[in-house]
2 protein chains.
Amino acid sequence: MNKEKSPRKPTLFEVAAHAGVSEITASRALRGSNVVTPETLQKVQEAATSLGYLRNRLAGALAGGPSNQVGVILPSLSNIVFPDVLKGLEDRLEHAGFHPVLGISNYDPEQEEQLIRNLLSWRPAGLVIAPSGMTENSRTMLAGADLPVVEIMDIDTDPIDMAVGMSHRGAGLAMARHLIARGYRRFAYVGHDIARDNRATARLDGFTAGLNEAGLKMVGCVTLVEPSSVALGRRGLNMLLGSDCARPDLVYFSNDDMAVGGVFHCMAVGISLPDQLAIAGFNGLDIGQSLPTPLTTTASHRARIGETAAACVLKRLSGEETPRMTDVGFTLIAGGTS
Amino acid sequence: MNKEKSPRKPTLFEVAAHAGVSEITASRALRGSNVVTPETLQKVQEAATSLGYLRNRLAGALAGGPSNQVGVILPSLSNIVFPDVLKGLEDRLEHAGFHPVLGISNYDPEQEEQLIRNLLSWRPAGLVIAPSGMTENSRTMLAGADLPVVEIMDIDTDPIDMAVGMSHRGAGLAMARHLIARGYRRFAYVGHDIARDNRATARLDGFTAGLNEAGLKMVGCVTLVEPSSVALGRRGLNMLLGSDCARPDLVYFSNDDMAVGGVFHCMAVGISLPDQLAIAGFNGLDIGQSLPTPLTTTASHRARIGETAAACVLKRLSGEETPRMTDVGFTLIAGGTS
DNA sequence: TTGAAAGCGCTAACAT
DNA sequence: ATGTTAGCGCTTTCAA
């Protein structure tokens with residue numbers, strides 16, 4: 001396969017020759033311009049099909065035509081959160097015939113900078129990024145690149161161009177207030193590698209602020225320097241309860257994966273929820289809501305963030321006005337684990 | 001932002017002029033050719049930095065330079081399976097400075113064909129695809145495109161160029177044999193939208209074949225025409241047990257998401273696992289293994305499939321020999337739910 | 001080690 | 001409605 005030296009792919013020139021028109025007419029026809037007559041359109045289409053012509057967008061974009069590529073930089077694909085965002089993005093982009101060109105930064109500003117440089121070198125139509133501590137260079141490149149740039153997930157900081165997301169600090173704060181109103185007083189926290197995930201940090205900040213408002217503070221805290229997972233949450237809760245801190249009445253987890261792990265730990269060792277211990281998470285994943293007792297959590301609208309970000313790029317490209325900030329909000333879910 | 005008419009980005013020509021060399025020398029320097037002297041290299045790099053030069057790979061690729069884009073077509077991003085594959089792919093590609101350009105086919109052959117056409121029009125260096133019933137046109141385009149093409153997930157059919165995956169039929173068969181050896185006899189199945197997911201179908205085929213070997217057949221079967229999810233598995237098991245089929249002693253689910261839903265249903269209604277009912281899934285997800293009772297399942301090596309596929313593309317590009325078929329295998333996990 | 005020439009395949013701009 | 005001209009910014013020969 002692919003061994004015989006290919007007889008060079010037909011170009012627009014060949015197609016035009018076969019159809020008996022000029023190159024530019026063939027180009028217009030194939031791109032669906034409405035100035036070509038139906039007859040020429042058909043001739044060109046037939047020529048293209050019979051020759052097996054395949055458009056070369058490299059040349060098209062270089063010559064000043066539009067690109068349909070959108071750079072997308074995400075910190076990770078390890079849990080379902082960013083795939084959900086990507087799904088929303090892809091969905092909306094695909095409807096417009098656009099494609100995401102993907103880069104994963106691993107929460108590393110240096111890698112992120114490298115990715116930005118790399119992706120921009122393809123002259124994409126737009127860029128969507130879930131920032132991981134952008135460097136000065138990163139900001140400069142994006143600000144100077146003259147394309148729509150959407151920073152996603154968080155709206156707690158000022159964006160270079162546009163931002164779509166929610167306030168993670170606000171989510172933590174709302175959850176704290178909700179739980180305090182329900183009567184909980186002795187709070188503990190189980191988190192994952194928080195140094196790199198500043199959105200989790202923002203939630204914890206907000207949560208802590210909520211406790212402070214009521215004159216409370218954490219009675220215990222376990223942070224494990226690993227990526228979040230169900231297994232890690234299970235282990236984390238086990239550590240927390242084994243430590244000599246005051247027995248908490250509610251444990252706030254850095255996200256739902258972790259919280260589900262906490263629920264499983266309780267099931268395994270016979271702690272009854274929510275009487276003996278209450279649990280809250282963040283994200284509103286399917287898995288948490290399908291538990292025998294649905295998880296108390298905050299639903300983040302991940303797919304909607306992706307869709308909205310894509311919409312912002314597309315709108316800007318079509319010359320429409322776009323909001324600088326879009327808050328997709330969050331939804332507190334008062335489940336059965338609290 | 002982005003409003004002032006941009007003063008046109010500096011091109012290689014500007015960089016070369018600043019460095020006092022020719023365009024081609026600047027090009028060679030910036031691409032890390034080892035024929036330029038260290039002095040010229042430095043001059044060029046300085047010029048590039050001071051001008052804020054950003055390489056244009058559109059032009060580079062059009063002029064015959066290499067592309068570092070790899071088309072990736074997946075059927076879905078809705079559960080963690082394909083993101084895991086994508087993660088493996090991205091990881092390996094990124095190390096080589098390559099980027100996936102993504103398309104989601106939604107298990108639809110027509111969309112898939114459109115995506116192939118679209119992605120190929122960017123003249124990527126390679127293409128990785130989890131096929132969803134490729135059309136004749138799709139096969140023709142891929143066979144004629146003269147680039148490395150890797151079909152992933154399944155190795156039960158003959159690939160156009162290369163294939164990386166596992167035998168889903170074999171996985172179903174192995175699970176059936178294992179369970180029969182453990183003494184189970186009354187099997188039922190709960191599945192999701194199987195018409196579109198032919199890998200799930202292949203597993204079921206294999207599983208059924210295993211039953212046949214032992215002179216057994218399914219005592220019950222529920223198939224719900226929706227994407228798989230924990231919630232759906234829970235619902236599916238509820239329906240199965242409410243139907244008038246013979247009471248099964250083991251339920252095989254179309255995947256782990258579904259199976260975990262089944263486990264949750266049992267927990268909720270007080271069916272004890274595995275005494276009253278046994279459950280088996282497929283994929284070996286973290287969530288299943290973190291259950292109070294770890295799930296019996298077959299681990300698929302998803303990230304490894306992605307990594308291997310990327311490696312195949314990269315190898316082929318560097319002129320090395322590549323295997324036509326790579327079987328990454330699967331691992332049966334005898335958990336506590338059976 | 002460096003450079004000059006020639007194009008990659010297409011599209012915008014300006015005719016006609 | 002169609003065509004002509006002139007590049008887009010780079011890299012591959014081929015030469016010096």
Side-chain angles (χ1 to χ4, degrees), chain A residues 6-45 47-48 51-69 118 120-125 145-146, chain B residues 5-44 47-48 51-69 118 120-125 145-146:
Chain A
S6 43
R8 240 186 69 298
K9 294 222 195 62
T11 71
L12 198 52
F13 181 83
E14 270 85 61
V15 175
H18 263 246
V21 298
S22 73
E23 243 181 304
I24 183 66
T25 301
S27 172
R28 287 197 263 250
L30 260 16
R31 278 178 299 152
S33 159
N34 45 358
V35 304
V36 294
T37 61
E39 300 89 74
T40 25
L41 175 57
Q42 192 179 341
K43 279 191 302 184
V44 173
Q45 280 177 335
L51 291 175
Y53 171 72
L54 187 63
R55 184 172 174 185
N56 184 339
R57 298 205 64 147
L58 246 32
L62 180 63
S67 169
N68 68 350
Q69 296 195 147
N118 246 286
L120 287 183
S121 76
W122 285 100
R123 301 296 188 266
D146 190 32
Chain B
K5 59 171 61 79
S6 43
R8 237 184 72 299
K9 294 220 193 62
T11 71
L12 197 52
F13 181 83
E14 270 85 60
V15 175
H18 264 246
V21 297
S22 72
E23 237 181 309
I24 182 62
T25 300
S27 171
R28 287 197 262 249
L30 259 16
R31 279 176 301 153
S33 159
N34 46 358
V35 303
V36 295
T37 62
E39 302 87 75
T40 24
L41 176 58
Q42 192 180 341
K43 278 191 301 183
V44 173
L51 291 175
Y53 172 74
L54 186 63
R55 185 172 173 186
N56 184 338
R57 298 205 63 145
L58 245 33
L62 181 62
S67 169
N68 69 350
Q69 297 194 145
N118 246 288
L120 286 183
S121 77
W122 285 101
R123 300 297 186 269
D146 190 32

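Sequence lines set the chain letters: A, B, ... in the order given, protein chains first and strands last, and positions in each chain run from 1. Just so you know, these numbers use all the heavy atoms, side chains as well, and skip hydrogens, waters and symmetry mates. In this text the structure is predicted, and so the values were computed from the model without any measurement.
Remark: B:T11 is not in phosphate contact with D:dG9, judged by side-chain N or O atoms under 4.0 Å from OP1 or OP2.
Candidate nucleotides C:dC10, D:dG3, C:dG3 were compared by shortest atom distance to the side chain of A:A59, and C:dC10 ranks first. Minimum atom distance to the side chain of A:A63 is reached by D:dC8, of the listed D:dG3, D:dC8, C:dG3. Distances were taken from every side-chain heavy atom of A:T37 (C-beta onward) to each of D:dT11, D:dT2, D:dG9; the shortest belongs to D:dT2.
We find that CZ of B:R55 is positioned 20 Å from P of D:dC8, with the value rounded to whole Å. Regarding A:L51, its CG atom lies at a distance of 15 Å from the C1' atom of C:dG9, rounded to whole Å. The distance from atom CG of A:N56 to atom P of C:dT11 is 9 Å, rounded to the nearest whole Å. Rounded to an integer number of Å, the gap from A:R28 CZ to D:dT4 P is 11 Å. For the pair B:L12 CG and D:dT11 P, the computed distance is 6 Å after rounding to whole Å. At whole-Å resolution of the value, CG in A:L30 and C1' in C:dC10 are 12 Å apart. One interatomic measurement links the two molecules: CD1 of A:I24 to P of D:dT4, which rounds to 11 Å at whole-angstrom precision. Taking atom CG on B:L62 and atom P on C:dC8, their separation rounds to 9 Å, with Å as the unit.
Considering OG1 of B:T11 and NZ of B:K9, their distance stands at 11.5 Å, rounded to 0.5 Å.
Mapped onto DNA chain D by nearest heavy atom, A:N34 and A:E23 fall at different nucleotides, with A:N34 at the one closer to the 5' end. Annotation: of the two residues near DNA chain C, B:R123 and B:T25, the 5′-most nearest-nucleotide partner is B:T25.
Residue A:V36 is classed as a sugar-phosphate contact, given heavy-atom separations below 4.0 Å to backbone atoms only. Nucleic acid contact for B:R57: none, since no nucleic acid atom lies under 4.0 Å from a heavy atom of the residue.
Across all non-hydrogen atoms, the minimal contact from B:P124 to B:S67 is CA-OG, 4.0 Å. The two residues B:Y53 and B:P10 have their closest heavy-atom pair at CD1-O, 3.4 Å.
The shortest side-chain heavy-atom distance between B:N68 and A:N118 falls under the 4.5 Å cut-off.
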